[in-house]
Structures are given as C-alpha cells and as structure tokens.
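To start, the structure itself, in structure tokens.
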Amino acid sequence: MEAIRVVGGPPVRGTVRVEGAKNSALKLMAATLMAPGVSRLTNVPNISDVHVMGKVLTRLGASIEVEDEHTLVIDTSGVESWVTPYELVAQMRASTAVLGPLIARFGKARVAMPGGCNIGARKIDMHLRGLSALGVTFSQDHGDIVARVDGELTGAFVPLDFASVGATENLLMASVLAEGETTIENAAREPEICDLATMLSEMGAEIEGAGTPTIKVKGVSALHPVEHEVVGDRIEAGTFLAAGALTGGPVTVTGFDPEHLGLVLRKYESMGMQVERGERSCTISREGPLRALDIQTLPFPGFPTDMQAQTMVLLSVARGSCVVTENIFESRFMLAAELSRMGADIIIEGHHAIVRGVDGLSGAPVTAPDLRGGAALVLAGLVADGYTTVSDIHHIDRGYEDFVPKLQGLGAEVSRVDL
Ligand code: EPZ
C-alpha cells in the first residue's frame, strides 16, 4: 500500500505552479454533453477524479483524447446513453454533475444516488427540488434517480435553501436549454461557478449574475462546442501557501487568482503571515510566531471549507487557542484525531473544534481521512519532529496532481513509499 513519508525540518521555500481547478474541471467536462461535437478543455488537472469523470463520459458514448496531459479533446456527438451507473457514482459523487446536462440534452436521465462520504451525507435534495421546478419529475429505482421531462424543460424561479455549489451547477446547466427564463436565488458564488457560467456563455448560453446570489438565465435552443481553459485551482494554491505559512517560506504560488482566496489570505495576514498578491500569483512568508484566530467556514466569499483542514494544522502550532467552526459539512473534523496523534491539542464539540496551540508536533504514522485532511497531514509532517507516514493517500491523488514532486521542488524531504 502506498504512503507519503515526510521528514520534518527542512525549510520549504520556492515557487510552485498550480493546475486547473478540480472543482471546475469536473463540471466543465459534464457541460460538454450539452453541445454535441468536439470541445477542447485546457489546463485540466491530471488527477484521478478527472479520470473517473472521463469514464463517465465515455460510458455515455463520448470519446476523449488526452493531448499533452492537461488538454482534453471531448467529442460528445456520439453520446446516446443517459445512464450513469452506481459503480462510477460510487467512485466519485461529483458524477451527479451529469444530471443537469443529460436532462437538458435528452429530457431524461438515470443516475445512481450518490452515497455519503467521509465528510458527510452529501445529499442532493436541493438539486432535485430545483430541477423539479423546471419541470423534471423524479422517481427512484433500485438506488438510481430516474429523471424525466414531459414536454420541454421550462424556466422558473428557483430559490435555494442553501448556496449549494452542486445544486447551483446542475440548475445552471439544465436552465440554459430550458424554455424561457430561470432565476436561481441564493446561488453559490464560488469562482468555479463563474468558470462554468463563462464556458456556458462561450457555448451560446445567456447568463447574468454568475458570482452573485442571483443568477438569471434566458433559455436558448442549442449550444455549440467550445474551447475553454480551466480556472486555476485556488484550493491547491491555498494548500501550498499554507505550507509556506507553516514553515516560514517564502513560498510563491503561480497559476491562480489570489482574489479567489480573498478571506483566506486576509485571515493568514491576521495570523502573522506576510502576503504579497500578484495578478496570477501570491507569495507568503512569516518571521514571527503564528497567532491563533477563530475560523468559520461559509459559502464563498466566506472562508472555504476546503481550506479548513490545512488551516487547522497552522492553528494547532499557533500561539494561543481558537475555535474552528465547520458550517458546511457535518463531519469534516476527522483530521483532528490524526493530528492529535502528532501531539495536537484539539477538542471537538459538534461542529466546533477548540484548538489549543502546542509548541510543536511529533512525527507519527497517520491515515488520510479525506482529500483535504490527507494533504493537511502531509503539511503537518513538514514541521513535525522526526518523520511522518501518511497512508490512504488515494484520497490525496483524487485532487492533487504531483503533490509529492511539487513539495520536493520546494525543498521538502517527502517521498512516496510502499508500506
Ligand atoms: C462542492 O461540493 C465541492 N466538490 C466540495 O469540494 C466543496 O467542499 C463544496 O462544494 C463546498 O464548497 C466539487 O465541486 C466536486 P455543496 P458540493 O452542494 O457541491 C449539503 C473538495 O475537497 N447539501 O455546496 O457537494 C451538503 O450535504 C470537495 O474538493 C444538501 O444538504 O457542495 C453539504 O453539507 C469536498 N443538499 C453542504 O450542503 C443538497 O442538495 C454543501 O454542499 C446539496 C448540498
């Protein structure tokens, strides 16, 4: 079984470039289903979640060619199926992003209900309620969601109970080919939503308000294939910036827009970091001690839940105590138990984690609980006394391309080993 072995201590400094955003690329791939023909996506990360989404599309009848590792040429003219089986959805729940596109293209879809995962129930009730408002009827059949539209998808006013990223995306994709106007109220505002809206507009969609809580869509009769570059991955960037913050840096991350990490970087400055923002880069360093600071995760532009684990590592060795509140997922604190094995002092009370900074961490064998928690444990190993082995690193490979070589490039003593 593969693991990542980190030796604590060497300074981590230098420059690293991030890939395109996992949480955009997967949806952009799904959106190509809505325009029969050949689309080209560039700056696509070479990660296992993208490979799974590729399998979903080819299972539907698309053909995919990989050019130079980060460019996908996707031909969806041959797509005739509207069925996405459990074995693929079980591998990656983001496969449900094909729901909106399939309904828009075929007026029907059969997609396996996604199970939960380590960070929560991951329900899709808001997706289904929103799509029902556009005229979709749903039934369940042996673990699958069966969607059907009698007549045309019809635009509607769709208020979301919560600014769900996935629900906003599925609704956005279904509404661009619906009859008439759709308003998505309380829409998610993440940069990945804007990236999807930009690509859909390039395909011929008429969308206003992406990035604000109210998105208005005027349905069109057809979309055309497109070439589109995936937005830089703000969470991969934040992960390497957290490494620089932890070890003192300076670490420069390129290939993303620092505005997409606005609140994270402002919080890091309050914790004692120096942050220099460029057009498509950011440099982080630290002279003095890390200062504890309360963090609450919220939908964008709030503090991103996908940066909670990496920030908890910083707080675990900061001066003072703080409270980390996880408002997005119901069980995204599994990292705390693993960090405690390395000497961290964290108490979990419901969706709050009380973190008391300790002088230092000690290396230990630990297990990646999920994608971001796994990456956070590797970061902890960078400053722990001795060495740390992180197992279950398939979680990390889902969302980080070349995580180990990139850290080695910053001077870290880290390697993949067979346990
Ligand atoms: C996306 O998940 C991301 N995944 C997540 O990134 C990210 O943490 C999350 O957005 C929030 O930013 C992808 O884009 C592939 P949500 P998503 O719908 O769409 C509940 C990572 O590490 N909810 O905003 O699933 C849900 O259970 C991953 O890269 C419902 O109850 O997020 C969760 O508690 C992890 N009903 C909360 O809302 C619904 O119908 C946020 O979910 C939909 C969601």
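We count residues from 1, following the sequence as given. Quick caveat, the model's predicted, so the values are computed rather than measured. In listed order, ligands and their atoms are each counted from 1.
- Among all protein heavy atoms, the one lying closest to atom 14 (O) of ligand 1 is Lys27 NZ, 2.7 Å.
- At least one heavy atom of Arg332 sits under 4.0 Å from some atom of ligand 1.
- With respect to atom 12 (O) of ligand 1, the closest heavy atom belonging to the protein is Val165 CG2, 3.8 Å.
- For Ala167, no nitrogen or oxygen atom sits less than 3.5 Å from a nitrogen or oxygen atom of ligand 1, counting backbone and side chain alike.
- For atom 18 (O) of ligand 1, the closest non-hydrogen atom of the protein is Ser164 OG, 2.7 Å.
- Not a single heavy atom of Glu192 sits less than 4.0 Å from an atom of ligand 1.
- The number of heavy atoms from other shown groups lying within 6.0 Å of CZ (Arg356) does not exceed 12.
- Among protein heavy atoms, atom 39 (C) of ligand 1 sits closest to Lys123 O, 3.1 Å.
- The pair Glu67-Arg40 meets the salt-bridge criterion, with a side-chain N (NZ, NE, NH1 or NH2) lying under 4.0 Å from an Asp/Glu carboxylate O.
- Not one N or O on the side chain of Glu69 forms a donor-acceptor pair closer than 3.5 Å with the backbone of Thr71.
- Taking a cut-off of under 4.0 Å to the non-hydrogen atoms of Phe162, the atoms of ligand 1 that pass are 37 (C), 38 (O), 41 (C).
- The closest protein non-hydrogen atom to atom 2 (O) of ligand 1 is Arg122 NH2, 3.5 Å.
- Put simply, atom 20 (C) of ligand 1 has no protein non-hydrogen atoms near it, under 4.0 Å away.
- Both tests hold for Arg5 against Tyr387: distance to the six-membered ring centre under 6.0 Å, angle to the ring axis within 45°.
- For atom 36 (N) of ligand 1, the choice among Ile235, Asp125, Ile328 with the nearest heavy atom turns out to be Asp125.
- Taking atom 15 (C) of ligand 1 as the reference point, the nearest protein heavy-atom neighbour is Asn23 OD1, 3.4 Å.
- Residue-level proximity to ligand 1 for Phe300 is absent, since no heavy atom of it falls below 4.0 angstrom.
- Close approach to Gly166 involves these atoms of ligand 1, each under 4.0 Å from a residue heavy atom: 18 (O), 19 (O).
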Stepwise ring pair (Phe, Tyr, Trp, His ring centres under 6.0 Å) check, Phe240 with Phe403: CA-CA 10 Å; Phe240 288 115; Phe403 193 51; 5.7 Å; yes

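- Of all atoms in ligand 1, listed by their number and element, those nearer than 4.0 Å to a heavy atom of Lys22 are 21 (C), 29 (O).
- Atoms of ligand 1 found under 4.0 Å from any heavy atom of Arg93, numbered from 1 in the order shown, are 25 (O).
- Arg372 NE, 3.0 Å is the protein heavy atom nearest to atom 22 (O) of ligand 1.
- Looking at Asp68 and His70, their side chains come closer than 4.5 Å, going by heavy atoms from C-beta outward.
- The only member of Thr183, Leu131, Leu134, Asn186 that meets side chain to side chain contact (heavy atoms under 4.5 Å, CB included) when paired with Val158 is Leu134.
- Counted within 6.0 Å of CD on Glu87, heavy atoms from surrounding residues, nucleotides or ligands total more than 12; the atom is thus considered enclosed.
- Remark: the Glu227 side chain and the Ser39 side chain contain no N/O donor-acceptor pair separated by less than 3.5 Å.
- Side-chain atoms of Phe162 and Pro299, non-hydrogen and from C-beta on, do get closer than 4.5 Å to each other.
- Of the residues Glu326, Arg332, Gln308, the one that meets the side-chain hydrogen bond (donor to acceptor under 3.5 Å, both in side chains) test with Thr297 is Glu326.
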Test log, rule side-chain contact (heavy atoms from CB on, under 4.5 Å), inputs Val231 and His260: CA-CA 10 Å; Val231 68; His260 294 168; 3.7 Å; yes

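- At a 3.5 angstrom cut-off on N or O pairs, Phe329 does not count as close to ligand 1.
- In terms of protein heavy-atom proximity, atom 8 (O) of ligand 1 is nearest to Asp306 OD1, 2.6 Å.
- The closest approach between a heavy atom of Glu169 and any atom of ligand 1 is not below 4.0 Å.
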